[in-house]
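Numbered from 1 within each chain, the chains take letters A, B, ... in sequence-line order.
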Amino acid sequence: MNHTRTKSDHNKINTKEEDNNPPDTNFIKQAIEEDIASNRFDSRVHTRFPPEPSGYLHIGHAKAICISFGIAENFGGLYNLRFDDSNPITEEHEFVEAIKRDVHWLGFDWEDREFYASDYFETLYEYAIKLIEKEKAYVCDLTPEQMRSFRGTLVEPGKDSPFRERSVEENLTLFKGMRDGEFPDGSRTLRAKIDMTSPNLNMRDPVMYRVLRSPHYRHGNNWCIYPTYDFTHGQSDSIEGITHSLCDVQFEDHRPLYDWFLESLEIYAPRQIEFARLNLTYTVLGKRKLKILVENGHVNGWDDPRLPTLAGMRRRGYTPESIRDFCNRIGVSKSDNLIEISQLEYSIRDDLNRRAPRVMAVLNPVKVVIDNYPEGQVEMMDADNNPEDENAGTREIPFSREIYIERDDFMEDPPRKFYRLAPGREVRLKHAYYITCENVIKDENTGEILEIHCTYDPETRGGWAEDGRRVQGTLHWVSVEHAVDAEVRLYDTLFTEREPENSADGTDWVKYINPDSLEVLDDCKVEPSLLDGAPGNRYQFLRIGYFCIDPDTSTEKLVFNRTVALRDSWAKIQKGQK
RNA sequence: AGGGCGGUGGCCAAGCGGUAAGGCACAGGUCUUUGGAACCUGUAUGCGUAGGUUCGAAUCCUACCCGCCCUGCCA
């Protein structure tokens with residue numbers, strides 16, 4: 001048969017299963033492939049992730065980790081975890097433990113390749129002496145203010161420091177004096193002698209060492225001078241034999257300096273490649289801002305489930321697999337980006353849909369009495385744990401004359417397309433029976449619905465009618481007698497603005513914190529099987545969303561966090577009807 | 001203004017001179033014991049703008065416009 005292939009034919013042939021895979025290449029992988037082809041690093045691939053232990057890791061770091069470690073895995077290479085700890089003022093041991101925990105949780109194993117830039121301080125000191133001897137570094141006595149004015153501006157060149165031409169001997173003596181504690185904090189620096197007229201400000205004789213009497217969390221009072229990032233990072237990469245030093249684009253104009261130090265020192269030189277950092281709608285990423293949220297009490301600690309920290313997301317119920325999937329899907333490029341939160345939600349729903357056991361929980365209960373059901377009778381109903389997973393098995397759920405259903409699942413005067421319970425209407429109770437609403441009992445004064453009275457059809461056990469009649473709606477429920485009380489914490493975005501840091505009128509992102517980002521429901525009723533759950537366990541509450549057990553759970557009270565709601569097409573219809 | 005880097009649909013992102021992949025979102029629909037999931041269909045005569053080179057340009061050239069980063073002894 002002779003027929004032209006149309007676009008729809010094409011789509012049928014390529015099923016979503018095949019098309020759904022994220023692209024398996026990006027500009028960094030291409031660059032590495034070229035280096036392998038040209039044998040630039042003896043065909044090795046060795047990357048690193050260099051966090052500073054001054055805060056918790058967030059989803060933006062996850063992107064960086066997935067890129068650096070993921071690429072090393074792809075090429076059968078190695079990856080190091082290196083703490084970039086050259087500023088004792090902001091760094092703490094607590095953070096190194098938290099970072100290690102989070103990277104492991106993400107599923108990466110750096111084996112014995114755990115390093116600390118601070119362990120290279122002695123080598124770095126020797127490197128500095130080497131540069132002094134090569135007349136490429138000098139001790140400068142300028143105060144911070146003076147140094148700033150000598151640096152020039154974006155459009156005006158800087159001026160040479162009056163201390164720039166000190167002799168090698170004098171520099172050596174002075175630098176040793178710095179190390180030996182002979183000079184007060186901030187009084188002198190060691191600077192690279194490069195070019196005060198460079199259009200790249202980073203090349204205008206950048207500081208290599210500062211005098212700073214602050215105990216280091218790892219080395220105590222061993223040092224009173226500390227190297228700067230620029231004099232630490234590249235050399236650390238070099239020492240570890242890193243081939244590709246992947247970092248975010250803000251370091252792009254540090255690359256000439258990175259290369260300059262390595263070349264001047266005549267040591268092994270890795271290749272730095274930069275990519276765009278992650279931005280997410282309705283949140284902030286960035287160490288300082290997260291720190292403010294935590295320290296000023298806007299949230300309850302680094303692991304607050306509303307935070308984009310890995311600790312927060314873990315507590316919220318995100319799986320490491322979903323975060324990795326998200327990082328793969330968003331791709332790698334150099335362009336500024338703002339990823340929609342729905343992209344992240346897609347990844348977690350997709351993962352949990354396949355893995356999370358289904359349970360029934362009523363968040364906002366209203367009582368239903370089934371008048372024709374025998375009083376005192378209890379039936380155990382079979383329920384599949386996960387229709388997406390045939391190996392998930394089944395469990396039994398107690399059914400009785402009085403049950404709770406969701407208040408939202410009943411309407412006295414239902415609008416069009418409302419498929420749930422209403423006077424005279426028959427619906428299915430999931431895994432149980434068809435019930436028909438006969439009447440409701442309301443509070444005389446407030447009009448609040450107290451009880452809904454129904455009858456059930458004994459011929460519909462399991463949720464099927466012999467005569468083949470259909471019902472439009474299926475409700476979840478919990479037996480009153482067997483219900484377990486629970487607290488459920490619902491989360492909304494932490495900010496009300498899509499771009500809190502960059503909104504139309506304001507500069508103060510803090511004022512866009514969402515006052516309703518946390519809603520606590522403390523009268524929830526859940527099925528008894530949940531009593532066996534442990535903190536961290538994830539579930540799908542049927543028809544509602546994905547939830548996990550919070551560590552705040554005690555023997556007295558179950559506490560759940562909503563990870564993400566199920567997609568809700570009824571909510572959309574309602575919106576449209578308004 | 002000097003330097004660096006970016007600009008492909010609402011949000012991401014392929015594309016690497018041969019006639020605009022894919023994902024998310026959105027809109028319809030099929031199916032359904034979750035209004036979930038799954039499945040199907042639709043959504044850029046267009047690649048920041050204007051010129052130019054070429055049989056042919058998102059890809060090459062020129063100019064211009066817009067955005068981000070850089071004036072810490074932070075990383």
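- The same atom, C1', is picked in B:G67 and in B:G72; the two are 25 Å apart, to the nearest Å.
- Of the side-chain N and O atoms in A:Arg567, one or more sit less than 4.0 angstrom from OP1 or OP2 of B:A37.
- The base of B:G35 is paired with the side chain of A:Arg420 by a donor and an acceptor separated by under 3.5 Å.
- In the interface, the side chain of A:Glu388 is paired with the base of B:G36 through a donor and an acceptor atom under 3.5 Å apart.
- Closest to the side chain of A:Tyr419, from the set B:C73, B:G35, B:G6, is B:G35.
- You'll find that the side chain of A:Pro199 is closest to B:G2, out of B:G2, B:C11, B:A37.
- For A:Asp195, the side-chain contact (heavy atoms from CB on, under 4.5 Å) partners at least two apart in sequence or on another chain are A:Thr197, A:Ser198.
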>> Let me check I have this right: for RNA chain B, each base becomes ., (, ), [, ] or |, based on Watson-Crick or G-U pairs with both distances under 3.5 Å. What is the full string?
In response: .(((((((.[[[..)..(...]]].(((((.......))))).....[[[[[..)....]]]]])))))).....
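- Contacts with RNA chain B (heavy atom under 4.0 Å) in residues 281-292 of chain A: none are found.
- Residues forming a ring-ring contact (aromatic ring centres under 6.0 Å, His included) with A:Tyr56 (at least two apart in sequence, or on another chain): A:Phe95, A:Trp302.
- Using a 90° window around 0 for the glycosidic torsion, B:G72 falls inside it and is classed as syn.
- Pairs of residues two or more places apart, or lying in two chains, that qualify as salt bridge (charged side-chain N to carboxylate O under 4.0 Å, His left out) and include a residue from residues 199-216 of chain A are A:Arg164-A:Asp205, A:Asp185-A:Arg213.
- For A:Trp223, the ring-ring contact (aromatic ring centres under 6.0 Å, His included) test picks out A:Phe121, with sequence neighbours left out.
- Between A:Arg151 and B:C73, a side-chain N or O to OP1/OP2 separation shorter than 4.0 Å is present.
- You won't find any donor-acceptor pair under 3.5 Å spanning the side chain of A:Arg148 and the base of B:U71, going by distance alone.
- Between A:Ser333 and B:C12 there is no side-chain N or O to OP1 or OP2 distance below 4.0 Å.
- Here the nucleotide nearest the side chain of A:Ser342, chosen from B:C24, B:G35, B:G15, is B:C24.
- You'll find the ring centres of A:Tyr138 and A:Phe163 outside the 6.0 Å limit.
- Residues satisfying the side chain to side chain donor-acceptor pair (under 3.5 Å) criterion with A:Asn386, sequence neighbours excluded, are A:Arg358.
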Hey, what are the protein-to-nucleotides 66-68 of chain B N/O distances that come in under 3.5 Å?
{"from": "B:C68", "atom 1": "O4'", "to": "A:Asp336", "atom 2": "OD2", "distance (Å)": "3.1"}

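- Of the side-chain N and O atoms in A:Ser335, one or more sit less than 4.0 angstrom from OP1 or OP2 of B:A13.
- Each of A:Leu338 and A:Gln472 lies near RNA chain B, and the nucleotide nearest A:Leu338 is the one positioned closer to the 5' end.
- Remark on RNA chain B: of its neighbouring residues A:Leu212 and A:Trp570, the 5'-side contact belongs to A:Trp570, judged by nearest-heavy-atom nucleotide.
- Under 4.0 angstrom from either OP1 or OP2 of B:C24 there lies at least one side-chain N or O belonging to A:Tyr346.
- Of the candidates B:C73, B:A75, B:G4, B:A75 carries the atom nearest the A:Glu52 side chain, counting heavy atoms from C-beta on.
- No hydrogens or angles were tested; on distance alone, a donor-acceptor pair under 3.5 Å links the side chain of A:Gln30 to the base of B:C16.
- Considering only residues two or more places apart in sequence or on other chains, A:Glu145 meets the side chain to side chain donor-acceptor pair (under 3.5 Å) condition with A:Thr143.
- Nearest heavy-atom pair across A:His216 and A:Asp85 is NE2-O, 2.8 Å.
- Contact between the side-chain N/O atoms of A:Arg210 and the OP1/OP2 oxygens of B:C74 is found at a separation under 4.0 Å.
- A donor and an acceptor atom never sit less than 3.5 Å apart when one is taken from the side chain of A:Glu156 and the other from the base of B:U71.
- Not counting sequence neighbours, the partners of A:Lys334 by the side chain to side chain donor-acceptor pair (under 3.5 Å) test are A:Glu252.
- If you check B:A75, B:G36, B:U71 against the side chain of A:Leu154, the one that comes closest is B:U71.
- The ring-ring contact (aromatic ring centres under 6.0 Å, His included) search around A:Tyr125 returns A:Phe175, not counting sequence neighbours.
- Across all strands shown, A:Pro51 has no heavy atoms under 4.0 Å from either base or sugar-phosphate atoms.
- Put simply, A:Lys572 has a side-chain N or O that comes within less than 4.0 Å of OP1 or OP2 on B:C26.
- Candidate nucleotides B:G2, B:G35, B:A75 were compared by shortest atom distance to the side chain of A:Leu201, and B:G2 ranks first.
- Taking only side-chain atoms of A:Gln343, from C-beta outward, the nucleotide of B:U34, B:C70, B:C11 with the closest atom is B:C11.
- Contact of the A:Arg166 side chain with the A:Asp141 side chain is registered, since non-hydrogen atoms from C-beta on lie closer than 4.5 Å.
- Applying the side chain to side chain donor-acceptor pair (under 3.5 Å) criterion to A:Gln235, with sequence neighbours excluded, gives no partner residue.
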